[in-house]
Number of protein chains: 2
Amino acid sequence: MKTSTLQDVARVAKVSTATVSRTLSNPDVVSESTRRRVSEAVKVTGYRINRAARNLRTQRAHSVLVLLPNLANPFFATILEGISRHLSQLGYSMLIASTKQVHDSGERLIDYLDDARADGMIILDGGLAPEVVEMLAAAPQAKRILFACEWVDGASFPSVRCQNRQGARVAVSHLYELGHRKIAHLTGPEGNVLMHTRMDAFVLEMAARDLELKPEWIIPGDFSLSAGCHAAKAWVAMQDRPTAVFCASDQLAMGFIAELSRRDVKVPDDVSVMGFDDIELAEQFIPPLTSIRQDRLLIGETAAKMLMERIVSPDVEHSSSAAVLPVSLVTRESTAPLVAAQTE
Amino acid sequence: MKTSTLQDVARVAKVSTATVSRTLSNPDVVSESTRRRVSEAVKVTGYRINRAARNLRTQRAHSVLVLLPNLANPFFATILEGISRHLSQLGYSMLIASTKQVHDSGERLIDYLDDARADGMIILDGGLAPEVVEMLAAAPQAKRILFACEWVDGASFPSVRCQNRQGARVAVSHLYELGHRKIAHLTGPEGNVLMHTRMDAFVLEMAARDLELKPEWIIPGDFSLSAGCHAAKAWVAMQDRPTAVFCASDQLAMGFIAELSRRDVKVPDDVSVMGFDDIELAEQFIPPLTSIRQDRLLIGETAAKMLMERIVSPDVEHSSSAAVLPVSLVTRESTAPLVAAQTE
DNA sequence: AGCGCTCTTGCAATCGATTACATATTTTCT
DNA sequence: AGAAAATATGTAATCGATTGCAAGAGCGCT
């Protein structure tokens, strides 16, 4: 009933435990005949390696911690899927925790790396407290930490991100080509790197095209549906209304459109709206949402890949410290050419 | 730079490693004075326990595997949050894998329990292949497996679920009280336990109220948005249209409403629609969705709690083998009283 | 035959914590 | 005072796999 150990296999195969271990982890060094005997013995005994023992001996946890701001945000699910896919290929497991929870429990993040629970860490939260970031950066394990999606300006951790600036540029360009000249931007939360990056690129692109940009056309939000609703009220109240709104997230766009439709403002007839992220729901929304697509599966896989490279060979110099993944415009029905009626 | 071990602490505190270990895990048995000396030494050395070593010695992984059908489904996020919350309180970690991925990688589920990677397993997927279920049930570790949300009929694993039948009854009752007599049910995927349970309870409740139920009013679906869209087409095509539709999930309801609105059918004016689950989005949807609420955080916490009890004391008889959590009706704007126009 | 080489294999130490058992010390009770 | 009980601490085995080192076997070459 008890699971069998290397010793059991060794006994059955009539070899030493060393030989069994080698057969399993490095088959080339053992002879053909013992290899067969051992394989047979493994089958007979139903041997499964004991990971706790291996982890202790090899000083590896064979798992990676993924840290999210908030587990309940569907945006992260596909990224996790990508991470998990790559990790399990390499025999690694994925541990999940939320920054909030870790913080509340009084645990220090670095402990996960310190106490042999995880070999590395993928952080999807750029909003860590500065003292936490500093502590991580100073730790000897800092090389096994990687940021994905979000990042911390000034810190030197490797990261995976999408072309946020390019996304904002493409968005403006798309709306411009539809004839829009008065374009607003509904932003993410103050202090968030993505919010700043996207807003910054938006402002620059507007300027590059010589488009007027009234201060009130930068509407502060926070990526959430309800912020989108609030923004809709602000938009309605403007005397000089933009004819198109570029939202920093799909959720914002959905909230914005939902509130407008409650007030009988039609999208895209009365105003064009686009989002960012291209979450699953964007396609099903009414109207289907024009958005900037991020390949979240690829983000996850790339993050896992980069991190694992650094874990497996900590000493080699790793080329790129930031992978920037492409975004693309997905045109759907929430944006439309400017019509005369709107400009009146 | 190397992390310090029990030995280091023992040396500094001038006691044996045994004493240090006791001080940390069972402080009551050591004297006040050594306790202080050890605590001091722990602080000085910056000691962190090595979990791999402890896991090996105690034969515990101090982690639990959570198995989902699909990581990308936002429905599970809150449940995970609940599980993780409870686990981390007890110093346990949460490992995540998707059934599909495990299957594709050729790994056997039971291996996670066998090889000291996890002490227990919470399965959120009732659709496991029968041979997999059988294998799990036959394993000596079967007592450390628990199902949540979904379950497998006939298998004897403990489980956590919500009052699915009660939910269906409350739904019919709600629509009935609004005056509806012709009520359709849009189901989940064929073969899914939730689908069958909810449909079954729906049919019984309709019969109990002596309401007519045409076969075509049971519309097959699969919990997804797009199935909802298809169902809407079916509804439009009916000669004798139900005035209310009870959907087996919120996503179904949203897809259903979205497609109707494309065809200028108004909800709730022309037809009342309600969902099941009360996902975050239900409230933001247009119109805000009437639904049957499941407390997903509680489901997660309860599942973790029940499983941990069984892991910590495997020998005591555990009272309830199935926790059934309450559901509640959340009335919003997608359901309305029947009006004369609809009956024509 | 004897030497050196390669290829296999075994011995035994090791990773770092836990804990049964033994021992030393103090307290309690008659 | 002396025995018994209670308390505190140390000794050393143990969990199960990995791996440096040494040794044996087999081979070719001079």
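Letters go in sequence order (proteins before strands), and every chain restarts at 1.
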Of the options B:V15, B:V12, B:T19, which is the one that meets B:R37 in a side-chain contact (heavy atoms from CB on, under 4.5 Å)?
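Output: one option passes, namely B:V15.
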How many whole angstroms separate atom [atom1] of [X] from atom [atom2] of [N]?
X     : N      : atom1 : atom2 : result
B:N26 : D:dT7  : CG    : P     : 13 Å
A:N55 : D:dA17 : CG    : C1'   : 10 Å
A:L6  : C:dG10 : CG    : P     : 13 Å
A:L24 : C:dT9  : CG    : P     : 14 Å
B:R36 : D:dT9  : CZ    : P     : 12 Å
B:R60 : C:dT19 : CZ    : P     : 10 Å
A:R51 : C:dC15 : CZ    : C1'   : 18 Å
A:I49 : D:dA17 : CD1   : P     : 6 Å

Is [X] near enough to [N] that one of its side-chain N or O atoms lies under 4.0 angstrom from OP1 or OP2?
X     : N      : value
A:Q7  : D:dC15 : no
B:Q59 : D:dT14 : no
B:T5  : C:dG16 : no
A:Y47 : D:dG16 : no

Suppose we screen for side chain to side chain donor-acceptor pair (under 3.5 Å). Which residues come up paired with [X], at least two apart in sequence or across chains?
X      : result
A:K14  : none
A:T302 : none
A:E301 : none

Starting from the C-alpha separation in whole Å, work towards a yes-or-no answer on side-chain contact (heavy atoms from CB on, under 4.5 Å) for B:V102 and B:Y112.
CA-CA 10 Å; B:V102 170; B:Y112 279 85; 4.1 Å; yes
Any side-chain donor near an acceptor of the partner, B:T45 and B:D8, under 3.5 Å:
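Not at all, the side chains of B:T45 and B:D8 share no donor-acceptor pair under 3.5 Å.
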Could you work out, with side-chain contact (heavy atoms from CB on, under 4.5 Å) as the rule, every residue matching B:L297, not counting sequence neighbours?
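B:L297: side-chain contact (heavy atoms from CB on, under 4.5 Å) contacts with B:T78, B:E81, B:R85, B:D295.
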Quantify the bending of the helix from C:dA1-D:dT30 to C:dT30-D:dA1 as the angle between its end axes, each fitted on five pairs, to 10°.
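Here the helix ends are tilted 50° relative to one another.
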If the condition is salt bridge (charged side-chain N to carboxylate O under 4.0 Å, His left out), which residues does [X] pass it with, not counting sequence neighbours?
X      : answer
B:R161 : none
A:R35  : A:E32
B:K143 : none
B:R48  : A:D111

If you look at every heavy atom in A:F147 and A:D125, which pair is closest and at what distance?
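Heavy atoms only, the tightest pair is CE2-O, 3.6 Å.
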Check the interface with nucleotides 24-26 of chain C: list each N/O to N/O pair with the protein under 3.5 Å, or write none.
none

So B:V15, base contact, sugar-phosphate only, or nothing? Heavy-atom distance under 4.0 Å.
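The answer is sugar-phosphate, as B:V15 gets under 4.0 Å only of primed atoms, P, OP1 or OP2.
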With a 4.5 Å limit on heavy-atom distance, are the side chains of A:L146 and A:V160 in contact?
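The answer is yes; the side chains approach within 4.5 Å.
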Provide a list of protein-nucleic acid N or O atom pairs under 3.5 angstrom, restricted to nucleotides 19-26 of chain D.
residue	atom	partner	partner atom	Å
D:dG20	O6	A:R22	NH2	3.2

With a 3.5 Å distance limit and no angle check, can you tell me whether A:T99 reaches the backbone of A:L68 through a side-chain donor-acceptor pair?
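Side chain of A:T99 to backbone of A:L68, a donor-acceptor pair under 3.5 Å: yes, one is there.
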Below 4.0 angstrom, which residues in residues 28-35 of chain A have at least one non-hydrogen atom near DNA chain C?
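Only A:V29, A:V30, A:S31, A:T34 qualify.
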